[in-house]
Novice: 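Quick one: the structure is below, and I'll ask about it shortly.
Because only heavy atoms are used, hydrogens play no part in the values below, and waters and symmetry mates are left out as well, while side chains stay in. Throughout, a chain's letter reflects where its sequence line sits, starting with A, and its residues are numbered from 1.
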Amino acid sequence: MAVRVEAKTAIVTSRPRDGFQWVVGIVASAVPALLLLIILTLLLQATPAIQHFGARFLVTTDWNPVTDSFGALPAIFGTVFTAFLALALALPVGVAVAVVLAEPGHTTLRGFLGTGIELLAAIPSVVYGIWALYVLAPWSYEHIEIPVSEHLGFIGWFGSPAVRGLFNASLVLAVMVLPTLTAISRDVMKAVPRGLKENAVALGATWWETTWRVMLPSARAGIFGATILALGRALGETIAVTMVIGNAYIIPHSIFQPAYTLASVIANEFTEATGMLYPAALIELGLVLILVTLVVNMLALVLVQSSTRDARRAL
Amino acid sequence: MNRNHRRTYLSGAGLGLMYVLTLLALIPLGLVLWFTIAKGLPSVIHPQFLFNSELPPCEPRCPVVSQAGVGHAIVGTGIMVGIASLIAIPVGVLAGIYLAEYRVTPWSNWVRLASDVLVGTPSIAIGLFAYAFLVVPLHHFSAFSGAVALAVLMLPIVTRTTEGAVALIPNGLRESGLALGLPRWRVSLQLVLPAAAPGVITGALLSVARAAGETAPLLFTAFGAHILEFDPSGPMQALPVTVFKYALLPYKSLQDQAWGAALVLIVMVLSINLISRWILRRQIALAGQL
Amino acid sequence: MPRLTFERELASLRESLVRMGTLVESQIEAALDALRRRDGSAAEKVRTQDQYLNELFRQMREQVFMVISTQQPVARDLRYLMGLQWIATELERMGDYAVRIARMTGTLVALPDRPLRAEFGLMGELAIGQVHDILEALIDQNEPRAREVAARDNEIDRLYHRVFEDLVKEIGNGHIDSDGALRSVTLLLVAHNLERISDRVTNVAEDIIFLESGQVVELG
Amino acid sequence: MPRLTFERELASLRESLVRMGTLVESQIEAALDALRRRDGSAAEKVRTQDQYLNELFRQMREQVFMVISTQQPVARDLRYLMGLQWIATELERMGDYAVRIARMTGTLVALPDRPLRAEFGLMGELAIGQVHDILEALIDQNEPRAREVAARDNEIDRLYHRVFEDLVKEIGNGHIDSDGALRSVTLLLVAHNLERISDRVTNVAEDIIFLESGQVVELG
Amino acid sequence: MADVRPYIEPPVTSGRPGLRALRGAGDAKLKVDHLSFFYDRFQALHEVTFEIPQKRITAIIGPSGCGKSTLLRVFNRMYDLVPKAHASGAVFLDNENVVTSRRLLELRQKVGMVFQRPSPFPMSVRDNVAFAPRLLGWPQSRVRSAVEESLERAALLDEVKDRLDQPATSLSGGQQQRLAIARCIAVSPQVILMDEPCSALDPVATLKIEDLMATLTRDFTIVIVTHNMQQAARVSDFTAFMLMNPEGRYGELIEFAPTADLFNQPQDDRTEAYITGRFG
Amino acid sequence: MADVRPYIEPPVTSGRPGLRALRGAGDAKLKVDHLSFFYDRFQALHEVTFEIPQKRITAIIGPSGCGKSTLLRVFNRMYDLVPKAHASGAVFLDNENVVTSRRLLELRQKVGMVFQRPSPFPMSVRDNVAFAPRLLGWPQSRVRSAVEESLERAALLDEVKDRLDQPATSLSGGQQQRLAIARCIAVSPQVILMDEPCSALDPVATLKIEDLMATLTRDFTIVIVTHNMQQAARVSDFTAFMLMNPEGRYGELIEFAPTADLFNQPQDDRTEAYITGRFG
Ligand SMILES: Nc1ncnc2c1ncn2[C@@H]1O[C@H](COP(=O)(O)OP(=O)(O)OP(=O)(O)O)[C@@H](O)[C@H]1O
Ligand SMILES: Nc1ncnc2c1ncn2[C@@H]1O[C@H](COP(=O)(O)OP(=O)(O)OP(=O)(O)O)[C@@H](O)[C@H]1O
Ligand SMILES: [Mg+2]
Ligand SMILES: [Mg+2]
Ligand SMILES: O=P([O-])([O-])[O-]
């Protein structure tokens, strides 16, 4: 009886502290710490520019180390434009690949395709760069840009073709984000419980109907997330773009014209950057870039996680 | 009846279209590989290309001199990636274990978010960070700062892949271990981690491959050098940097040099990748049985 | 939630049991009829009808097997099934008594005719009434009714003993021929069998109480 | 694969059945003993012992319930269980016969002593032998043996009929007093009960055949 | 009662008493004829031959890996999803050989299937049921009535009638399984195949489904694969017992009989060993 | 036989016949005393009180979600894995209160657990069994003998004695489950908890495990959670029936009794409704 009283008073169960959790937890903290450190450092280094230009920095267009007047708008424009154009090109293909790769059962063809796509991801961007510079760009100049500008030139957007420019940069970017797009989309599609497909088929749905009415809807959010994630990659991609975008610090009036992106400006000019404001301005560009990608990525993560969670619940 | 025929045919057509698009996606791969080999091989076939660290003489239209090589770049890449791995892999693995083993704690969610964001952070920005963090205080470029930049790049990759591999191990294994009266750390390190080893290794390899291929973080940290360097406290050449710098120069011989380096790089990276994929497949098969 | 299949099976079991009951009733009635009317052929008919009864019983048992092995009943359900089966056994036995009475009728018709004692009629009425009512009690799951019916056993016992004593006295008073002797003894056995029937009814009552409440009771 | 628990349960069931059998055997023997020795108290003892038998039977049934509801036997297993239970019922009834014989002994001791017919001894021997052997047949799962034992029924019937006729003749030859009448009739009922016992043995034999082979047969 | 007495009709002498017996076997809906099945090289079924009676519940039991699911998946050609899988022999559904049929869509509309996991589609309850009808291009009105009716027949309408537009994933496990059944009967198939439909459910939900099956037999022929022998015994009218052939390593049909018989007088010793739990 | 006759000892009058009855209840191993359990705010168990007898099999049955697994996981404090989960009340194992105990490792060695999925460790059969003993720092010889003995007791030795060094994943599902049992008894616990140990197995493997459990009771106290009522009936000596309280939304113990009694004369109507399948 006495025992019972004692027992009923012992409400919360005593948990011995888990040392292991603390150890690994602290080690793991390195990651967020690092992220913070990066942002803070850049912020610190960029302060001169930030103080000097303030918000103007984001909307002005001239970039003149001599007069120390810097504006980020053209770079921002180039970055965003190339990224979106690249996605527009990559998305349909990417989803198609994902659908094919997500098919159950392992056939040699599909295995081959899968490996291929992942190798596409493995190729260093600099290699894409050199290939784009010497192979892709000239080819697309001859066989895409010229014909298009001949027929649609009257629309200013399609005039004045050039070997190095927005369009070709987007083209190589599209190739480079394709693996990200497919990889994640495929995983999301694979996460769709096999039962769904079987049920649809058993109900007399064709492959096409099964895919479009059941599989893709289940994976919708995830695929969208994948797209955003790819967008993040496209925004941040440096080297390949730098090599084919043409390095012109302007807001072009044609998608074929040379331009600049945040990353490529930094890559090209940082080492020569001297003085006080110039490096700071470049670093501020970097800061802008980081913040943009950070927002985009978080958005993407939320989407991917939610979708895979749905899939798990449906299972 | 009739309708069903139509549906069947439509479905077939759709499937066909999907496969066509997929093949389309593979064309760039083929082209990249083909041109890299075609343009790189002429340089690489000279055996000394891999060992010498000579620049080809660079007047316009001078012939490729057979002393030219990218040995220094290969060594540099090796050293920097090595150092980076030493920093990133242990931390990454432990962090990954933390994320997998303590999935639901609020802190682990923050860590996970951070590493995902870090994965998405542009490498050039990481380069800037390393520059501001190490080069500026030390007042000179150094391979070490480059290695740090690469490490920052690798860390989140290792973390997430490790987490994935460890999380792949069914919970029953942990519970069984704990139910036998084993302490948590033994279960995690001696039971779960070994089971997940192949996946973890894969993650490490992938991160290595990624680091080996990166240019942007090195541009203003390791900066590059034209001679064979072993001292990490000084500037150092790396393969991707070689490709980037020479490719943009208007000299045929240097461009060939770049193509050659590109070929070496791609072979390195792809082989690492294939190996890791092979390991990973075994991992998945294994985890399936557990 | 009802468990449709099982309920159906139970229903059909109850049904066949009632069927058996009705048959037994009519068998007993027929047997006594034959006895009263000294009708050998009618008695014969009773014996053939008994085949049906046995067949019904066989099926009943088989069905109980089927239900137990396929529905895996427990607790009340199982009790109910077993109870039904026990009752079926009792009914089958009652049928046997009817047959025996019929056989004895066969013996009696061979002997010179003499008026039949009133008690036999009464006992018959009572027995048949009991069988009929106990079946109703089963169907209405009416436990008190079952007890009541079982209680009537005493009535029959009383009659039986009276018959017994009278017959013994009749025998004992010396002047009786061999036919008379055989007749008396046979009638005595008839009475005995009627009495047994009502004992069986008591058993049935006990079974009903068991399958309704799970109690094992000793009536009478 | 044996299904240990179930086998254990079956074993213990068989055991209790044998127990019942032994008890029944001794009950019959004791009852006849009392009859032979005209020992009222011994007869009384038989009736008290019957309590045990009933208790054993109650337990047996309960155990069968337990096994069915917990082990969900099917096919052969279920048949076996049910068979055992039916046999138990028969044994319990045999016990009742012993009790009735004891009761009649009670009646007889009140009457003047007279030598007992040899047939009773014989019938007793036979009946007990049958009970004993049928139980062995059950334990050895020996079907032919069971048939053989059941066949002995005729022997007892023969004796029974002889006793019956003699008694009827005895009554029929006129000069007999009331005591004599009562005695004869009582003895006749004793014989009847012995005969019933061996009928029951036949039923047991049928049950054994059923639980071994699943065939429903009609012996005797 | 006096009138009945003289005329007692002879009792029915059917071997299988009870309601199910009285309903008898009826005629065959699926004729399985020397059916063999191969996963690429591995033979899963060998020369299976039996007839599945119409509007009855036929259970397929047997130890794991003996080919139950495989057999079931032949009936609606689900195995087409498995590369390199092929069958020999024949399965006749109304004189059409399923195995060689090329009109798969019709076949699968005629032969519905319910799986172990309900896996509701990521849409509202209503749309789940309306899925197949819409594919068939039925007019709105007909679709609507079909939804109503199917949910009704699946004994689900009352529980969900005010949640028709909520996502189907919000239903409980048992409800989801009944939804799967409703989804399947929406296109009014003739045969419903069920592959361990209750093994993911708790006893209560299970019994609900079992009762539902009992009522569904009015209109449908049901074939159910189950690990749970008691379940087969409880719900089915006929039972097929399959076993993996020890040397051949392929599944065979050992015995097919009315359930009551199979569980009381199995003809084959292996069947007896299995149902009495003395197998292996 | 002649000698027995005159002396007939009065028959035993135990309410529960059969071997299991004869073994009687013995004394309690686990005393559950007003145990309530909370997943953070959600209450999963309410004031559960009963005693688990030593060296007997105690089954816990009840509909899904009534808290069976939760209860089981209190006995070896597995719930520590769930953050914010806490219990009130007491569970005494030899007068030590499990709920407040701080010596978890000893506790879990004393109270082993077997799960629904066997989840063999990714190593050889031998190492699976030897894993825990080794880490507990037992000497080689003792480990070796422990392995032998545990496999023997788990009725697995004969089947695997020539495959001891093959990966455990190569065993069949049933063998894996028995391996899990062997692994668990290798550290010689006093109590073995089993959470639906057979629900992933086919009937044959299931019966093997059940027989094994019957033999294990010689040395161990076994507590098994199962969805399968028949199984509980078959294997257990005592049964606890739990139910989710309709308004309170928490699991309670409805009835605890010897299995034979619970399945023949359940005292509570809810129990009867559940075991006769008329629940819900
Ligand atoms: N897709 C497949 N490819 C190759 N073999 C398969 C495939 N599916 C099943 N098998 C094999 O075919 C045999 C029968 O499988 P099936 O699933 O029909 O058995 P089952 O009786 O349904 O087993 P369970 O009761 O566990 O579901 C098994 O030996 C299995 O290994
Ligand atoms: N980790 C958890 N966090 C919160 N609630 C939980 C958790 N685990 C279980 N529950 C809840 O506690 C209740 C009891 O769960 P538990 O698993 O013990 O039930 P159960 O009887 O084992 O069910 P089942 O028979 O399906 O295993 C359920 O309502 C469940 O939703
Ligand atoms: Mg299957
Ligand atoms: Mg549970
Ligand atoms: O059938 P009885 O001999 O018991 O009347």
Novice: Taking side chain as everything from C-beta outward and backbone as N, CA, C, O, which of these in B:Ser115 sits under 4.5 Å from a heavy atom of chain A? Side chain, backbone, both or neither.
Specialist: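 The answer is both parts of B:Ser115.
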Novice: To check you understand the geometry: which heavy-atom pair defines the closest contact between A:Trp208 and B:Met18, and what is its length?
Specialist: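 In terms of heavy atoms, the two residues are closest at CZ3-CE, 3.9 Å.
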Novice: Is it the side chain or the backbone of A:Leu120 that comes within 4.5 Å of chain B heavy atoms, both, or neither?
Specialist: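 It is both, since atoms from each part get that close.
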Novice: What part of A:Thr115 is in contact with chain B, defined as an atom under 4.5 angstrom from a non-hydrogen atom: side chain, backbone, both or neither?
Specialist: both
Novice: Output every pair passing side chain to side chain donor-acceptor pair (under 3.5 Å) with a member in residues 8-30 of chain B, not counting sequence neighbours, ordered by first then second residue.
Specialist: none
Novice: Go through the atoms of A:Leu119 and report whether side chain, backbone, both or neither lie under 4.5 Å from a heavy atom of chain B.
Specialist: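 Both backbone and side chain.
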Novice: Applying a criterion of heavy atom separation less than 4.5 Å, what residues of residues 152-163 of chain B form contacts with chain A?
Specialist: B:Val152, B:Leu155, B:Thr159
Novice: Roughly how far apart are A:Thr238 OG1 and B:Leu219 CG, rounded to 0.5 Å?
Specialist: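 Answer rounded to 0.5 Å: 8.5 Å.
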Novice: Give a yes-or-no answer on whether the side chains of A:Gln45 and B:Tyr131 include a donor-acceptor pair shorter than 3.5 Å.
Specialist: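 Side chains of A:Gln45 and B:Tyr131: no pair found under 3.5 Å.
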Novice: Need one label for A:Leu133: side chain, backbone, both or neither, based on atoms under 4.5 Å from any heavy atom in chain B.
Specialist: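 Only the side chain of A:Leu133 comes within 4.5 Å of chain B.
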Novice: Heavy-atom cut-off 4.5 Å, strictly under: side chain, backbone, both or neither for A:Val175 against chain B?
Specialist: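 Contact with chain B: side chain only.
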Novice: Quick one: what part of A:Leu37 sits under 4.5 Å from any heavy atom of chain B, side chain, backbone, both or neither?
Specialist: both
Novice: Check whether B:Ala209 gets within reach of chain A through its side chain, its backbone, both or neither, counting any heavy atom under 4.5 Å.
Specialist: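 Looking at B:Ala209, nothing touches chain A.
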Novice: With a 4.5 angstrom heavy-atom cut-off, is it the side chain or the backbone of A:Glu237 that approaches chain B, or both, or neither?
Specialist: neither
Novice: Name the option with the most non-hydrogen atom pairs under 4.5 Å to chain A; the candidates are B:Leu29, B:Leu21, B:Leu94, B:Leu10.
Specialist: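 That would be B:Leu29.
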Novice: Quick check on the interface: out of B:Leu33, B:Ile272, B:Val117, who has the most heavy-atom pairs with chain A under 4.5 Å?
Specialist: B:Val117
Novice: Looking at A:Ile290 and B:Ala125, what are the two nearest heavy atoms and their distance?
Specialist: CG1-CB, 3.4 Å
Novice: Counting only non-hydrogen atoms closer than 4.5 Å, does A:Leu42 touch chain B with its backbone (N, CA, C, O), its side chain (CB onward), both, or neither?
Specialist: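 Side chain only.
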Novice: Please confirm whether the backbone N or O of B:Ala247 pairs with a side-chain atom of A:Tyr134, one donor and one acceptor, at under 3.5 Å?
Specialist: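 Answer holds: yes.
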Novice: Which bit of A:Ser29 is near chain B, if near means a heavy-atom gap under 4.5 Å: side chain, backbone, both or neither?
Specialist: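 Contact with chain B is through both the backbone and side chain of A:Ser29.
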